There are 2 protein chains.
Amino acid sequence: MALQHDPRQNHLLAALSRDEYQRLAPHLERVDLRLGESLAESGKVMRHVYFPVDCIVSLLCVMEDGDSTEIAVVGAEGIVGISLFMGGETTPSRAVVQSAGSAYRLKGQLIKDEFDRASTLQHLLLRYTQALITQMAQTAVCNRHHSLDQQLCRWLLLSLDRLPTNELVMTQELIANMLGVRREGVTESAGKLQRAGLISYHRGHISILDRTGLEARVCECYAVVKKEYDRLLSYHRTG
Amino acid sequence: MALQHDPRQNHLLAALSRDEYQRLAPHLERVDLRLGESLAESGKVMRHVYFPVDCIVSLLCVMEDGDSTEIAVVGAEGIVGISLFMGGETTPSRAVVQSAGSAYRLKGQLIKDEFDRASTLQHLLLRYTQALITQMAQTAVCNRHHSLDQQLCRWLLLSLDRLPTNELVMTQELIANMLGVRREGVTESAGKLQRAGLISYHRGHISILDRTGLEARVCECYAVVKKEYDRLLSYHRTG
DNA sequence: TCGCTTCCGTGCGTTAGCGTACACGGCATG
DNA sequence: CATGCCGTGTACGCTAACGCACGGAAGCGA
């Protein structure tokens with residue numbers, strides 16, 4: 001059905017008024033994003049912003065030695081490329097597709113123009129950016145204070161919230177890159193979760209069996225972020 | 001001399017056009033901020049934004065158990081209270097004075113009004129916010145990957161950049177709270193720096209003796225943040 | 001001068017996570 | 001069917017940082 005390819009599956013686009021949406025709609029270009037694809041490189045000017053509909057994009061900080069850490073994750077609730085409307089044009093971080101799917105993209109100049117009209121979109125984007133800031137801040141805290149077990153639960157839940165299914169295609173190696181830890185560490189923590197019956201996985205496919213169980217093990221960071229997202233992004237579809 | 005109390009010691013205010021500055025100037029209220037004073041509490045609506053001139057403000061994430069971690073630091077280059085113009089009104093983090101001094105504050109409604117005029121100030125604030133985001137992201141990475149020794153160097157250098165002198169009034173206990181580590185850990189790391197002749201300290205007073213030496217020991221995170229601040233905030237005084 | 005608090009030093013056992021190495025089984029590819 | 005790679009399991013020593021405990025010394029107030 002047609003709705004499968006509706007840009008308004010993205011929550012930001014869905015919250016626009018009819019007029020504003022109509023202005024943008026002709027310029028929205030659907031793109032299929034493959035796992036591992038890069039949407040933004042450190043220091044490079046992005047040509048588009050991306051509105052995910054059913055994919056997940058990780059924002060990663062990469063260090064000189066190649067090690068990386070995920071600082072935030074973006075799904076249908078958000079947008080990739082905030083530096084375009086924030087005015088900096090580039091960021092020092094990368095944006096990598098963590099879960100394949102599709103998104104709609106818009107040329108950089110168009111989002112800037114719309115943003116500068118001080119439209120509803122501007123307010124939406126700013127509130128979204130503030131939510132993103134909260135996610136980054138909480139990630140910093142979590143990295144400092146919480147165990148790998150807890151961080152894995154947080155990561156699984158954040159991913160799950162942005163996914164239509166209970167299954168994610170993701171090797172332990174990749175999760176380790178996201179969390180900035182060893183692959184073996186993920187194996188151990190994931191093993192605990194599997195033995196506890198909360199998840200099951202096999203060669204790059206993880207199924208969440210007991211979401212409530214994960215929520216019982218996760219640190220407070222997950223709830224803080226979720227609450228703030230709900231608070232800042234609980235707008236109603238207006239158009 | 002009068003300049004000592006010039007709001008335009010704050011870089012954001014300094015970058016405004018004459019007109020814009022004149023609009024705000026009558027409403028700028030000078031406040032002296034004491035060490036440890038709180039400018040923002042988690043979840044509470046701020047009544048003012050603050051433009052520091054010679055003080056330093058830490059943005060802290062506080063957890064349920066009371067442990068905290070600094071996620072960013074703000075000096076004369078910035079502003080405290082971005083949630084007011086970003087639209088969220090509140091944040092889950094605290095803002096605490098880390099180094100006493102003065103700031104100018106502006107009622108929340110006034111900054112919102114000026115922001116919504118799509119003025120120069122809007123662009124400045126957005127670029128500043130992006131710089132702040134970079135600092136938070138890099139803090140997350142640093143928490144994950146770098147040693148306490150390196151993080152202490154980073155913290156000292158970030159503070160030093162926002163201070164007129166080479167001396168900071170700060171106990172090791174407080175630094176530990178900022179970094180989210182044990183006090184004893186700070187004692188050890190600071191001891192190394194002192195034995196190496198880079199700093200000297202005594203009962204809550206730290207003097208930086210060899211800034212270059214600190215820069216040689218710090219991790220890349222410091223440079224990444226500094227470079228991004230320079231890039232995003234290198235505007236010229238226009239009015 | 002006494003006494004108290006604050007700040008810093010140090011030592012010790014514990015632990016989470018690291019680096020490394022290796023083994024095993026699926027799955028794909030030839 | 002053989003080969004090879006990829007994803008996962010496991011083990012072992014190592015280190016940074018932790019929690020805790022205590023001691024000393026500097027400063028402050030009475």
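Note that the structure is predicted; figures quoted are calculated from it, not measured. All chains are named by letter (A, B, ...) in the order of the sequence lines, taking the proteins before the strands, and each is independently numbered beginning at 1.
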**Message:** I need the T134(A) OG1 to R231(A) CZ distance, nearest 0.5 Å.
**Reply:** 7.5 Å

**Message:** Can you confirm whether the side chains of S68(A) and N177(A) place a donor and an acceptor under 3.5 Å from each other?
**Reply:** no

**Request:** Would you tell me whether N10(A) and Y50(A) have side-chain atoms, one donor and one acceptor, within less than 3.5 Å of each other?
**Result:** no

**Message:** Does the structure place the NZ or CZ of R211(A) under 6.0 Å from the centre of the six-membered ring of Y222(A), at an angle of no more than 45° from the ring's axis?
**Reply:** no

**Prompt:** Taking side chain as C-beta onward, heavy atoms only, is W155(A) less than 4.5 Å from L179(A)?
**Reply:** yes

Separation of [X] atom [atom1] from [N] atom [atom2], in whole Å?
X: E173(B); N: dA26(D); atom1: CD; atom2: C1'; answer: 17 Å
X: D67(A); N: dG17(C); atom1: CG; atom2: P; answer: 16 Å
X: L152(A); N: dT8(D); atom1: CG; atom2: P; answer: 12 Å
X: H205(B); N: dT6(C); atom1: NE2; atom2: P; answer: 15 Å
X: K192(A); N: dT8(D); atom1: NZ; atom2: C1'; answer: 17 Å

**Item:** Nucleotide-resolved protein contact map, nucleotides 24-30 of chain C, B/S/- at heavy-atom distance under 4.0 Å
**Value:** -BBS---

**Asked** What does nucleotides 9-17 of chain D look like as a protein-contact string, B for base, S for sugar-phosphate only, - for none, at under 4.0 angstrom between heavy atoms?
**Response** BB------S

**Prompt:** Is it the case that more than 12 heavy atoms not belonging to E188(B) sit under 6.0 Å from its CD atom?
**Reply:** no

**Prompt:** Would you find more than 12 non-hydrogen atoms of other residues, nucleotides or ligands less than 6.0 Å from Q194(B) atom CD?
**Reply:** yes

**Request:** Please answer whether the main-chain N or O of H48(B) pairs with a side-chain N or O of R105(B) as donor and acceptor at a distance below 3.5 Å.
**Result:** no

**Request:** Determine the contact category for G204(A): base if any of its heavy atoms lies under 4.0 Å from a base atom, sugar-phosphate if only primed atoms, P, OP1 or OP2 are that close, otherwise nothing.
**Result:** sugar-phosphate

